[in-house]
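Remember, it's a predicted structure, so these values are computed and weren't measured experimentally. When a ligand or atom number is given, it counts from 1 through the structure's own listing order.
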Amino acid sequence: MADFMNRMPLNVPGKYYVDFDCICCGICTLIAPLNLFVNLNDEYGYVGKQPETKEEIKAIEEAIRNCPVDAIGNDGEKLKTEEENDESTC
Ligand code: SF4
């Protein structure tokens, strides 16, 4: 299961993200090429664009199921909200 707190820095904000468990296999970019990308210099994947259409959501959810190391998360919006709430109570 992907860890929101360990997400890659290049992810755009939103529900979906890739974390540091990524091994840069590239499978997800074949399944969801409009949303998932790999940084070949540093060798990691990231969400470059959050999905906006049903087709893109279907593709990125398929990528989650096919990631060999469970590095793609889909709970970013929920956890971001919890993170913001924690910060506001300090
Ligand atoms: S499928 Fe998983 S391990 Fe492979 S590049 Fe995508 S996020 Fe990284």
Verdict with supporting geometry, Glu55 and Lys58, salt bridge (charged side-chain N to carboxylate O under 4.0 Å, His left out): CA-CA 5 Å; Glu55 290 76 20; Lys58 186 176 173 188; over 6 Å; no

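- Taking every heavy atom of both residues into account, Cys28 and Leu36 meet most closely at CB-CD1, 3.6 Å.
- Of all non-hydrogen atoms in Tyr44 and Met8, the two that sit nearest each other are CB-CE, 3.2 Å.
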side-chain contact (heavy atoms from CB on, under 4.5 Å) evaluation trace for Asp75 with Tyr17: CA-CA 8 Å; Asp75 54 2; Tyr17 60 90; 2.6 Å; yes

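- Summarising the geometry of Ile72 relative to Ile64, their closest heavy-atom pair is CG2-CG1, 3.5 Å, with the distance given to 0.1 Å.
- For atom 5 (S) of ligand 1, the closest non-hydrogen atom of the protein is Gly26 N, 3.3 Å.
- Nearest protein neighbour of atom 8 (Fe) of ligand 1, counting heavy atoms only, is Cys22 SG, 2.3 Å.
- Considering every non-hydrogen atom in both Glu56 and Glu52, the closest pair reads OE1-N, 2.8 Å.
- Heavy-atom proximity to Val18, at under 4.0 Å, picks out these atoms of ligand 1: 7 (S).
- Under 4.0 angstrom from ligand 1, there are no non-hydrogen atoms of Leu36.
- Taking 2.8 Å as the criterion, Cys67 counts as a coordinating residue of atom 2 (Fe) of ligand 1, since one of its N, O or S atoms falls below it.
- Between Tyr46 and Asn39, the shortest heavy-atom distance links the atoms CE2-N, 3.8 Å.
- For atom 4 (Fe) of ligand 1, the nearest non-hydrogen atom of the protein is Cys25 SG, 2.3 Å.
- Atom 6 (Fe) of ligand 1 has an N, O or S atom of Cys28 closer than 2.8 Å.
- The single protein non-hydrogen atom nearest to atom 3 (S) of ligand 1 is Ile23 N, 3.4 Å, given as residue, atom name and distance.
- Every atom of ligand 1 with a heavy atom of Cys24 under 4.0 Å away is listed here by number and element: 5 (S), 8 (Fe).
- Of the protein's heavy atoms, Ile72 CG1, 3.6 Å lies nearest to atom 7 (S) of ligand 1.
- Across all their heavy atoms, Pro68 and Ile23 have their closest contact at CG-CD1, 4.2 Å.
- Listed by atom number, the atoms of ligand 1 under 4.0 Å from Val69 heavy atoms are 3 (S).
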